[in-house]
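Excluded from the calculations below are hydrogen atoms, water molecules and symmetry mates; all remaining heavy atoms, backbone and side chain alike, are included.
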Amino acid sequence: MPIHLLPPPATAVPAQGRPGADPRDAEPYGRVADDDSATVRFAGLRLVHAALRRDLARLPNALRLLQPGEDDKGEALLRHWTFMTAMLTCHHEQQDTRLWPIVRRFAPELRLLLNWLEADHHNLDHSFTRVTTLVRIASRDTGSAWPVAYAMEDLAARLETHLRIEERQLLPRMDRVVAEGSRLGGLGELLDLLRVADGPGTADALAWLLDGVEPAAVERLLAECDDDVARNWPHWHATYQRCTTPLWGPGDGSGGDLGGAPGGSGGSGVDLGGILGIVAD
């Protein structure tokens, strides 16, 4: 069964292009592209990494603050954790089935590292599944919230090591072997893969991925998506904010940059430099 954070949208008829028009000539929002490429390199990977860091920084504290009788908030925390875990699993599948085979082909010296990353993906998935069981208990029994929050933080530290290896050892090499303008590892490819998977929906995934990203960067990232996604984005974003504000308050969408730094304390958002991976270590 698909996992949702937002209410499932009503079925809509897709917008139709002009008869005989070449879909390759279409531009998001109907704009003519300028000289700068709208594609952000490997945005799908970078956004997932940043979103994982963001949520793993704030979910433990939200769990610690859970009070007896706050059943709705406990259910919402469990739902958010379960969704995040599903996104992590889809992210690992994208890497293992789509990205790593290409890196193996063009950078064979990285094969041992890729084998280790794939094995660690499986180990991380199992670890997140075990912690999910603990979160389910803590969401109903606040007496166990603190030890479960510590378990979350231990898992976050382990995941951080994995993410940094990918960002520092693989992304620079991928930047050289993947053609400029390729959708590989991008946001559009990630959303396409989610559509055919029995997991998070497009609305949920996009709202989660872009939580805390600066508006100017969001506009560039939406250029990788189809017109229907761009049209619905304002509604999805507003609905996501209403659903998640009770968990950690308004305006707490930051959790770290998209370039490889761990989650930080409450800035106003994520800037474009972070998405491009040029934030200083």
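Counting only heavy atoms from C-beta outward, the side chains of Arg46 and Leu171 approach each other to under 4.5 Å. By the 4.5 Å heavy-atom criterion applied to side chains, Leu206 and Leu222 are counted as neighbours. In this structure the side chain of Leu77 never reaches within 4.5 angstrom of the side chain of Val135, judged on heavy atoms. The closest side-chain heavy-atom distance from Thr142 to Glu70 is not below 4.5 Å. With contacts defined as side-chain heavy-atom distances shorter than 4.5 Å, the pair Leu47/Leu221 qualifies. Here the side chains of Asp71 and Arg140 are not in contact, with every heavy-atom distance at 4.5 Å or above. Using a 4.5 Å cut-off on side-chain heavy atoms (C-beta onward), Leu170 and Leu114 make contact. At a threshold of 4.5 Å between non-hydrogen side-chain atoms, the residues Cys225 and Leu191 count as touching.
Under the 4.5 Å side-chain heavy-atom criterion for ILVMFWY residues, a single connected hydrophobic cluster contains both Leu110 and Trp116. In the hydrophobic clustering of this structure, Val213 groups with Val229; members are Ile, Leu, Val, Met, Phe, Trp, Tyr whose side-chain heavy atoms approach within less than 4.5 Å, directly or through other members. When hydrophobic clusters are built by joining Ile, Leu, Val, Met, Phe, Trp and Tyr residues whose side-chain heavy atoms come closer than 4.5 Å, directly or via intermediates, Val178 is not grouped with Val48. Phe42 and Leu194 fall into different hydrophobic clusters, where Ile, Leu, Val, Met, Phe, Trp and Tyr residues are linked whenever their side-chain heavy atoms come under 4.5 Å apart, directly or through other members. Both Ile165 and Val177 are members of a single hydrophobic cluster when ILVMFWY side chains are connected at heavy-atom separations under 4.5 Å.
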Step by step, work out the side-chain contact (heavy atoms from CB on, under 4.5 Å) result for Trp146 and Leu63.
-> CA-CA 8 Å; Trp146 279 76; Leu63 186 60; over 6 Å; no

Would His49 and Glu166 count as a side chain to side chain donor-acceptor pair (under 3.5 Å) if you check the C-alpha gap in whole Å, the side-chain angles of each, and the deciding distance to 0.1 Å?
-> CA-CA 10 Å; His49 286 196; Glu166 291 183 354; 3.0 Å; yes

Going through the distances and angles, do Leu88 and Thr85 end up as a side-chain contact (heavy atoms from CB on, under 4.5 Å)?
-> CA-CA 5 Å; Leu88 176 66; Thr85 301; 5.6 Å; no

Run the numbers on Trp208 and Phe83 for ring pair (Phe, Tyr, Trp, His ring centres under 6.0 Å), then give the verdict.
-> CA-CA 9 Å; Trp208 180 75; Phe83 174 85; 5.8 Å; yes

Step by step, would you call Met152 with Phe128 a side-chain contact (heavy atoms from CB on, under 4.5 Å)?
-> CA-CA 9 Å; Met152 286 181 174; Phe128 270 85; over 6 Å; no

Decide salt bridge (charged side-chain N to carboxylate O under 4.0 Å, His left out) for Asp192 and Arg98; before the verdict, give the C-alpha distance in whole Å, the side-chain angles of both, and the deciding distance to 0.1 Å.
-> CA-CA 12 Å; Asp192 288 345; Arg98 296 278 297 171; over 6 Å; no

So Asn123 and Arg158, side-chain contact (heavy atoms from CB on, under 4.5 Å) or not? Walk me through it.
-> CA-CA 11 Å; Asn123 293 333; Arg158 180 182 169 196; 3.1 Å; yes

Going through the distances and angles, do His80 and Trp248 end up as a ring pair (Phe, Tyr, Trp, His ring centres under 6.0 Å)?
-> CA-CA 12 Å; His80 201 94; Trp248 24 73; 4.9 Å; yes

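Rounding to the nearest 0.5 angstrom, the gap separating the CG atom in Leu45 from the CG atom in Leu190 is 8.0 Å. For the atom pair Leu56 CG and Met84 CE, the distance stands at 4.0 Å (nearest 0.5 Å). With rounding to the nearest 0.5 angstrom, the CG atom of Leu99 is 11.5 Å from the CG atom of Leu117. Once rounded to the nearest 0.5 Å, the distance linking CG of Leu113 with CH2 of Trp100 reads 8.5 Å. If you take CG on Asp141 and OG on Ser144, they are separated by 4.0 Å, rounding to the nearest 0.5 Å. For the atom pair His92 NE2 and Asp125 CG, the distance stands at 5.5 Å (nearest 0.5 Å).
Scanning all heavy atoms of the two residues, the minimum distance from Ala205 to Met87 falls at CB-SD, 3.9 Å. Scanning both residues, Pro101 and Asp96, for their nearest heavy atoms gives CD-O, 3.5 Å. Across every non-hydrogen atom of His162 and Asp120, the tightest pair is ND1-OD2, 2.7 Å. For the residue pair Trp236 and Ala207, the shortest heavy atom distance occurs at O-CB, 4.2 Å. In this structure, Gly74 and Leu66 approach most closely via the heavy-atom pair N-CD1, 3.7 Å. The nearest pair of heavy atoms linking Val131 to Leu155 is CG2-CD2, 3.8 Å.
Neither side chain, Arg136 nor Ser139, offers a donor N or O lying under 3.5 Å from an acceptor on the other. A side-chain N or O of Gln94 and one of Glu189 form a donor-acceptor pair less than 3.5 Å apart. Side-chain atoms of His91 and His121 include no donor-acceptor pair closer than 3.5 Å.
Glu118 and Arg104 are joined by a salt bridge, as a carboxylate oxygen and a charged side-chain nitrogen come within less than 4.0 angstrom of each other. The existence of a salt bridge linking Arg164 and Glu160 is confirmed by a sub-4.0 Å separation between a basic side-chain nitrogen and an acidic carboxylate oxygen. Between Arg58 and Asp211, at least one side-chain nitrogen of the basic residue sits less than 4.0 Å from a carboxylate oxygen of the acidic one, meeting the salt-bridge criterion. A salt bridge is defined here as a Lys NZ or Arg NE, NH1 or NH2 lying under 4.0 Å from an Asp or Glu carboxylate O, and Arg183 with Glu224 fails to meet this definition.
Judged by the 6.0 Å and 45° rule, Arg173 forms no cation-pi pair with Phe106.
At distances below 3.5 Å, not a single donor-acceptor pair connects side-chain atoms of Gln169 with backbone N or O atoms of Glu167. A side-chain donor-acceptor contact under 3.5 Å links Arg41 to the backbone of Asp175.
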